[in-house]
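Computed from a predicted model, the values in this text were never measured in an experiment. Convention: sequence-line order gives letters A, B, ...; per-chain numbering from 1.
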2 protein chains.
Amino acid sequence: MVEQQRSATLDAVFHALSDSTRRAMLGKLAEGECSVSALAAPFSMSLAGASKHVKVLEAAGLVRRRVAGRIHYCRLDAARLAEAEAWLRHYERFWNTRLDALESLLRAEDEKKKEG
Amino acid sequence: MVEQQRSATLDAVFHALSDSTRRAMLGKLAEGECSVSALAAPFSMSLAGASKHVKVLEAAGLVRRRVAGRIHYCRLDAARLAEAEAWLRHYERFWNTRLDALESLLRAEDEKKKEG
DNA sequence: CTGTTGTTCAACCATATGGTTGATAATAGC
DNA sequence: GCTATTATCAACCATATGGTTGAACAACAG
C-alpha cells in the first residue's frame, strides 16, 4: 500500500513534469517565490489556464502556496523532485553497470588477442 | 529550435514515465532484453494494450526494438533517462544551495545570540 | 498445408488534459 | 463606496490517453 502511494506520487510528479509550460514555471520558481500572475506572465495564455497548471504542480507536491491578501505566492518544494530523481538514479546505476561490464568484456577480449 | 526539440523530448520522456505500468516495464527491462509478451505478462491487460505502452516508451526513446522472426525484443536505452535526470539534477543543486543558505543563516543567528 | 504463437492494426469507448470564456470573490487603492 | 487587480470557479470544447475487442499478418511447428 505504501508502494501504491509512492507509485501514485510518481505518476503525479512525472505527469506534472511532462509539460513544458509547467517545467518553465518550475524554472522561474527556482529563482524564488512568485505570484500566480507572475508565473503566468511569460506565456500567451489566459490567467485561468496558467492557474490550472499551477494547480497541477501543487497537486503533485512540487509547489506550495502561501496566500497573502489577494496574492497567492508559490514556491518550489524540491522534495518530490528528489523522489523522482531517486527513481531515475536507479537506472543510471544500471546503465553504468552495463557500461562497466561491457568495458571489462572488451578489455578481456583485448588481452586474449595479445596473448594469442 | 534545438531547445524546442529538447523540450519535446522531455515532454515525451516524462509523459512515458508518468504511468506505473510503463515504469514497471522499464524495471523489467533493466534486468535485460525482453519480448513484448514477456513485458505484458505481469499485467492484467490485453496484449494490444501492453503493446501500446511499449510504443509510448519507444516513441520517447527509452526503449529500442529488435525484431527477430515474429518476436520483438525490447531493451532499455538509458540515454534519455539520463537527459531527464540531468534536468532534475539542476533542481537538486538549487535545493542543496537553499539548504546550505538556510544552514549558514541559522548558524549566523546562533553566533549572534552567543555574542549578545 | 494447417494450426498456433507473437505482434500489430483499426475501430471504438470512457475519461483526462489543455485550453478558452464569462462570472464570482476577495482585496487594495482612491 | 467605487474601481481595478489577483485569482478561482464553472462550463464548455477539441484532442489525447488508456483501455477494450476483433481482424490481420508473419513466422515457426506439426
Side-chain angles (χ1 to χ4, degrees), chain A residues 4 7-29 32-76 84, chain B residues 4 7-29 32-76 84:
Chain A
Q4 288 177 352
S7 179
T9 298
L10 282 176
D11 281 14
V13 169
F14 282 128
H15 169 246
L17 295 178
S18 74
D19 182 281
S20 68
T21 300
R22 290 193 289 264
R23 286 198 306 277
M25 284 179 166
L26 291 177
K28 182 146 193 179
L29 286 171
E33 208 173 52
C34 210
S35 73
V36 171
S37 49
L39 277 177
F43 308 103
S44 52
M45 181 189 301
S46 68
L47 185 60
S51 171
K52 277 191 181 182
H53 281 298
V54 173
K55 273 211 289 189
V56 170
L57 291 169
E58 207 182 0
L62 295 172
V63 158
R64 294 227 251 161
R65 187 190 303 247
R66 172 175 71 87
V67 179
R70 61 187 165 176
I71 298 182
H72 295 216
Y73 291 101
C74 301
R75 63 182 182 76
L76 233 193
Chain B
Q4 288 177 351
S7 179
T9 299
L10 283 177
D11 281 14
V13 169
F14 283 128
H15 170 247
L17 294 178
S18 73
D19 182 281
S20 68
T21 300
R22 289 191 290 262
R23 287 198 305 278
M25 285 179 166
L26 292 177
K28 182 144 194 180
L29 286 172
E33 209 176 50
C34 211
S35 73
V36 171
S37 49
L39 277 176
F43 308 104
S44 52
M45 180 189 302
S46 67
L47 187 60
S51 171
K52 277 192 182 182
H53 281 298
V54 174
K55 273 210 289 188
V56 171
L57 292 169
E58 206 182 2
L62 296 172
V63 159
R64 294 225 251 160
R65 186 190 303 246
R66 170 175 71 87
V67 180
R70 59 187 166 176
I71 300 183
H72 295 214
Y73 291 101
C74 302
R75 63 184 183 75
L76 234 193

Taking [atom1] from [X] and [atom2] from [N], how many angstroms apart are they, rounded to a whole number?
X	N	atom1	atom2	answer
A/M25	D/dA7	CE	P	11 Å
A/K52	C/dT17	NZ	P	11 Å
A/H15	C/dT15	NE2	C1'	13 Å
B/E33	C/dG6	CD	P	16 Å
A/H72	C/dA25	NE2	P	15 Å
A/Y73	C/dA26	OH	P	19 Å
A/L47	C/dT24	CG	C1'	14 Å

Just to confirm, is there a sub-4.0 Å distance from OP1 or OP2 of [N] to any side-chain nitrogen or oxygen of [X]?
X	N	answer
A/R70	D/dA4	no
A/S37	D/dT6	no
B/K55	C/dC9	yes
A/S46	C/dT20	yes

Answer with base, sugar-phosphate or nothing: what part of the nucleic acid does [X] contact at a heavy-atom distance below 4.0 Å?
X	answer
A/S35	sugar-phosphate
A/G49	base
A/I71	sugar-phosphate

When you measure from the side chain of A/D19, which nucleotide among D/dG19, C/dG18, D/dC9 comes out closest?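 It is C/dG18.
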
5′-ward residue of the pair A/M45/B/V36 relative to DNA chain C: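 Its nucleotide being nearer the 5' end, the pick is B/V36.
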
Could you check if a side-chain atom of A/S20 sits within less than 4.5 angstrom of a side-chain atom of B/S7, using non-hydrogen atoms only?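 Side-chain contact under 4.5 Å: yes.
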
Counting distance only, does the side-chain N/O of A/R66 pair as donor-acceptor with the main-chain N or O of A/R75 below 3.5 Å?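 No; judged by distance alone, with no hydrogens or angles, the pair does not exist.
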
